[in-house]
Undergrad: 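First, the structure itself, so that you have it in front of you.
Only a predicted model underlies this, so the values are computations on that prediction, with no experimental measurement involved. Residues take their numbers from the sequence shown, with the count starting at 1.
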Amino acid sequence: MAARRTAAAGSGGDTESSPLDAFVPLDELMPWSVRPLRTGRAWVSGPDPVALRARWERLAAADAAEQERLFAPTRSRTPHTSVAALPGQSTGTARFARTPGPCPDPVRILHGPYDEQWLLPDHRLIDAARPELWRVADEQQLFAVEHSCAPEDSGPALSVTALLPDGHSPAGRPGRIRPLYRRPGGTEPNLAPGLPELLRGRLGGGTDPDAFAPEAVLAWILAAARPAATGLRVPLPADAEVWSSGVALGRELLRLQSRGARGGERPRLPGGRRPYVRAALPARPTELSYDAGDEALVVGDGRISPVPAAAWEFTVGGVRVLELWFGRRAAAAAGRVPEGAAPDGLDAVGARGWPREWTSELLELITVLALLDGTAGPREELRAALAAGPLIGPAELRAAGVLPVPSSARRPASVLGHQEEGPEGQFALL
């Protein structure tokens, strides 16, 4: 039962027969998408910002030969590469080997759908940082991230975050990143031109001025999108009540997945069901298991309870979320390096055991997964309503001129009206 509910939480895999030809490809509804970040070296990101700073300091202080080895050069980046600064970041643009500069403040990113980690935001260290995403990342932005799930996969195929996402799924398959807005400040929605107006005309705006606002459309997509062999597809209802209920469900999913970002309420389970640390977690835990009888998560010699079975069983792309989250931090706490990395490389630098922040993050992750599982009922009701009612399909969107979208809608905004520092300190107006 838990596995079935897991598939419903978020934008879950759906293998039941459905008229997918009446659904609209997500690529048409949100036409601008960006490929995932490609760091080129594992040591520039991780769950501990203190470790990232220690890695930077060791690299910056190394002599030329050692720096070359520690850097882990690729065709795109070496210690002698000069590149433009990342938008919004004040890092250096001169060659790292010549002028490393001070360590930049690590920034919070989303690694996969539920793992909040840290990244050193220096363009000289990242093979493909996707500057177009950094240009539009601000307090108004939301990012929809596809997880490249096959139709038969369980777990969500789409998530939404206010953090900058790296676009990688737990199963290791890259997905597309779709910003909600094409420009900073929450302007120029990344939606098919004319789509909100068509929906308002067909479904009626009522008294809610935000019923078809960009965030409402994104909330609907989050609640209703389903994976298909050709990518995510979205049913658009021709019934106003179905739209309203789906948007309400999507807003709740968005609140849970973004963890109260942008002034929202942080996820909390009701009293008596909130997880607590019952036995202190060890400094360097190596094992994680689940005690179903006591509803307890066993972390080495430590215990956390109550932990609903649905949270323990929650999977994305066939991977159990809690096990993957723990495994990354257990390796970092012990200073273990990724497979194929040098044992004395930067990946092993800066291990400081299991900080208290990780325990707090684990408690919140358990809460998020349990609450997402609790949306199974409303999701089933929404699917039933969509199966019973008429849809606004691709043919109607084409007849209204919403589709096909213009090619310009698939590209980043062309002019952003501010300067960015280019290689070796040059400036350019974007």
Undergrad: I'd like to check Gln141 versus Leu164 (side-chain heavy atoms, cut-off strictly below 4.5 Å). Are they in contact?
TA: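 A side-chain contact is absent here, since even the closest heavy-atom pair is not under 4.5 Å.
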
Undergrad: To the nearest 0.5 Å, tell me how far Ile177 CD1 sits from Ser33 OG.
TA: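 The OG atom of Ser33 is 9.5 Å from CD1 of Ile177, to the nearest 0.5 Å.
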
Undergrad: Indicate yes or no for a side-chain donor-acceptor contact from Arg226 to the backbone of Arg233 under 3.5 Å, with no hydrogens or angles considered.
TA: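 No; judged by distance alone, with no hydrogens or angles, the pair does not exist.
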
Undergrad: Side chains of His147 and Ser159: does their closest heavy-atom pair fall under 4.5 Å?
TA: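 A side-chain contact under 4.5 Å exists here.
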
Undergrad: Does the side chain of Tyr290 reach to within under 4.5 Å of the side chain of Val307, using non-hydrogen atoms?
TA: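 Heavy-atom side-chain distance check passes, below 4.5 Å.
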
Undergrad: Under the side chain to side chain contact (heavy atoms under 4.5 Å, CB included) rule, what do Leu236 and Leu195 come out as? Steps first, then yes or no, please.
TA: CA-CA 11 Å; Leu236 296 176; Leu195 176 64; 4.3 Å; yes

Undergrad: One thing to verify: whether Arg328 and Glu323 come together as a salt bridge, which I'm taking to mean a side-chain N less than 4.0 angstrom from a carboxylate O.
TA: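 A salt bridge is absent here (no side-chain N lies under 4.0 Å from a carboxylate O).
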
Undergrad: Report yes if some heavy atom in the side chain of Arg95 is under 4.5 Å from a heavy atom in the side chain of Ser82; otherwise report no.
TA: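 A side-chain contact under 4.5 Å exists here.
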
Undergrad: Hey, is the main chain of Leu52 close enough, under 3.5 Å, to the side chain of Trp43 for a donor-acceptor pair?
TA: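 No, Trp43 side chain to Leu52 backbone: no donor-acceptor pair under 3.5 Å.
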
Undergrad: Listed by chain and number, what are the ring-ring contact (aromatic ring centres under 6.0 Å, His included) partners of Trp354, not counting sequence neighbours?
TA: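 For Trp354, the residues satisfying ring-ring contact (aromatic ring centres under 6.0 Å, His included) (neighbours in sequence not counted) are Phe326, Trp358.
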
Undergrad: How long is the straight-line distance from CZ of Arg178 back to CE of Met30, given to the nearest 0.5 Å?
TA: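 It comes to 7.5 Å.
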
Undergrad: Between atom SG of Cys103 and atom CG of Leu120, what is the distance when rounded to the nearest 0.5 Å?
TA: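 Reported value, rounded in 0.5 Å steps: 5.5 Å.
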
Undergrad: Please determine which of Arg274, Arg259, Arg268 meets the salt bridge (Lys or Arg N to Asp or Glu O under 4.0 Å) test together with Glu364.
TA: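 Option passing the salt bridge (Lys or Arg N to Asp or Glu O under 4.0 Å) with Glu364: Arg259.
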
Undergrad: Would the number of heavy atoms belonging to other residues, nucleotides or ligands and lying under 6.0 Å from CD of Glu139 be above 12?
TA: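 Check fails, neighbour count at 12 or below.
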
Undergrad: Look at the side chain of Thr315 and the backbone N and O of Gly318, then say whether any donor-acceptor pair between them is shorter than 3.5 Å.
TA: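 Side chain of Thr315 to backbone of Gly318: no pair is present.
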
Undergrad: Kindly indicate whether the side chain of Arg58, heavy atoms from C-beta on, has any atom under 4.5 Å from the side chain of Leu70.
TA: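 Yes, their side chains come closer than 4.5 Å.
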
Undergrad: Between Asp27 and Arg176, does at least one N-O distance fall below 4.0 Å, as a salt bridge requires?
TA: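 No.
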
Undergrad: If we only count heavy atoms from C-beta on, is the Trp118 to His111 side-chain gap below 4.5 Å?
TA: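 They are not in contact (no side-chain heavy atoms under 4.5 Å apart), so the answer is no.
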
Undergrad: Output the distance between atom CG (Leu256) and atom OG1 (Thr367), rounded to the nearest 0.5 Å.
TA: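 That separation rounds to 10.0 Å.
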
Undergrad: How long is the span from the CD atom in Glu215 to the CG atom in Leu180, to the nearest 0.5 Å?
TA: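 That separation rounds to 6.5 Å.
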
Undergrad: For the residue pair Trp220 and Trp243, categorise the inter-ring angle as parallel (less than 30°), tilted (30 to 60°) or perpendicular (more than 60°).
TA: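 Ring orientation of Trp220 relative to Trp243: parallel.
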
Undergrad: Could you state the interatomic distance from CG (Leu125) to OG (Ser45), rounded to the nearest 0.5 Å?
TA: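 That separation rounds to 11.0 Å.
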
Undergrad: Distance-only, no hydrogens or angles: does the Arg55 side chain make a donor-acceptor pair with backbone N or O of Leu346 under 3.5 Å?
TA: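 Yes, the answer is positive, given that a donor and an acceptor are paired below the 3.5 Å cut-off.
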
Undergrad: I want to check something: taking the side chain as every heavy atom from C-beta on, are Asp115 and Arg329 in contact at a cut-off of under 4.5 Å?
TA: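 A side-chain contact exists here, since the closest heavy-atom pair is under 4.5 Å.
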
Undergrad: Glu132 versus Trp32: any side-chain heavy-atom pair under 4.5 Å?
TA: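 In short, these two side chains touch, coming nearer than 4.5 Å.
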
